[in-house]
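Order of listing sets the numbers, starting from 1, for every ligand and every atom in it.
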Amino acid sequence: MDSADLCSHNQNNATLEEKGSFYTDAANYWSQIPPTVDGMLGGYGFISRADINGSTQFLNHLFKLKVPPGNGRALDCGAGIGRITKDFLLHHFDKVDLVEQNPAFVEQARVSLADHERMGNFFCSGLQDFVPEPAAYDVIWCQWVLSHLTDGDLIAFLRCCTRGLKANGVIVMKENATSSGVVEVDTTDSSATRPLDRLLQLVNQAGLQRVKQRRQENFPQGLYPVYMIATRPIAAEGACP
Ligand SMILES: C[S@@+](CC[C@H](N)C(=O)[O-])C[C@H]1O[C@@H](n2cnc3c(N)ncnc32)[C@H](O)[C@@H]1O
């Protein structure tokens, strides 16, 4: 499904032009944003602590699963300046890689994470073009970025992530969800926020199943509800180009 299909769910019946413009518009938007925590969080930098606390609680639940993921290596997807890597993932994993499409954010992440021995690779790539190293990761963490992928590219990316998991690994999505029941398009940053059931449908189409879900607490009113969803492959197979 391409971005035009994805956007046909839009409340306002607006359509994005073509898939190419969906990604270049987002890249252009993010290229104007300062490489700061406030920039990453749309002016809501003050929620970062509550966000990290919620993620920490969620990860601790995952480590208590009957079959928990390991704590060897994690991948931070759509990492921005490395806020999550620095304040969260590096506290729990032996090695962390990150992937981010904006070169200026990757550069800022390199600078701010320069002293961290456990920091691994800094990949500069759109997730729609990125293929994680096979069987490499215990946890693949995707936060506030999947609304920038078309449905088709999201499914393909999740399939590639499945191949990137070690045994017992999990893919975690921490994303906004609409309350309206429909996809809501933001033409300013070229994103499309999905309702939770739509995201879960796509997860399922990617061959994944939900193993744990929590709603983020202690965020200010007026923001989209935010859900943390941990998923695992239903079966070992998954086509990845
Ligand atoms: C809202 S910020 C979140 C950054 C980080 N996940 C955090 O929570 O601090 C969204 C990030 O996604 C990146 N992004 C947007 N489209 C992307 C794409 N197609 N592939 C990879 N990253 C993308 C942006 O450059 C930006 O750094």
Nearest protein heavy atom with distance in Å, relative to [atom]:
{"atom": "atom 12 (O) of ligand 1", "answer": "V145 CG2, 3.5 Å"}
{"atom": "atom 1 (C) of ligand 1", "answer": "M40 O, 3.1 Å"}
{"atom": "atom 15 (C) of ligand 1", "answer": "H148 CD2, 3.4 Å"}

Min side-chain heavy-atom separation E100-L127 under 4.5 Å: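 Not in contact.
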Is there any N or O on [X] that sits under 3.5 Å from an N or O of ligand 1?
{"X": "F105", "result": "no"}
{"X": "E100", "result": "yes"}
{"X": "Q128", "result": "yes"}
{"X": "L127", "result": "yes"}

Considering the heavy atoms of [X], write down every atom of ligand 1 situated less than 4.0 Å from one of them.
{"X": "G80", "result": "27 (O)"}
{"X": "G78", "result": "4 (C), 5 (C), 6 (N), 11 (C), 12 (O), 22 (N)"}
{"X": "G126", "result": "20 (N), 21 (C)"}
{"X": "A79", "result": "5 (C)"}

Aromatic ring pairing W30/F105, orientation class (parallel under 30°, perpendicular over 60°, tilted between):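 W30 and F105: perpendicular rings.
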F88 and W141 aromatic ring geometry - parallel, tilted or perpendicular at 30°/60° bounds: perpendicular
Heavy-atom nearest option to atom 8 (O) of ligand 1, drawn from R83, Q143, Q101: R83
Ionic contact status for R73 with D97, cut-off 4.0 Å: yes
Basic-acidic side-chain contact under 4.0 Å: K166, D138: yes
Crowding at CG, D197 (>12 non-hydrogen neighbours, <6.0 Å):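 Above 12, so yes.
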Heavy-atom neighbours of Y44 OH exceed 12 at 6.0 Å: no
Ligand 1 contact on D51 by region, counting heavy-atom pairs under 4.0 Å: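 It is neither; nothing of D51 touches ligand 1.
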Region of W144 engaging ligand 1 - heavy atom pairs below 4.0 Å: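 Under 4.0 Å from ligand 1, W144 contributes backbone and side-chain atoms.
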Ring centre gap for F157 and F130 strictly below 6.0 Å: no
Distance-only donor-acceptor check, side chains N176 and Y227, under 3.5 Å: no
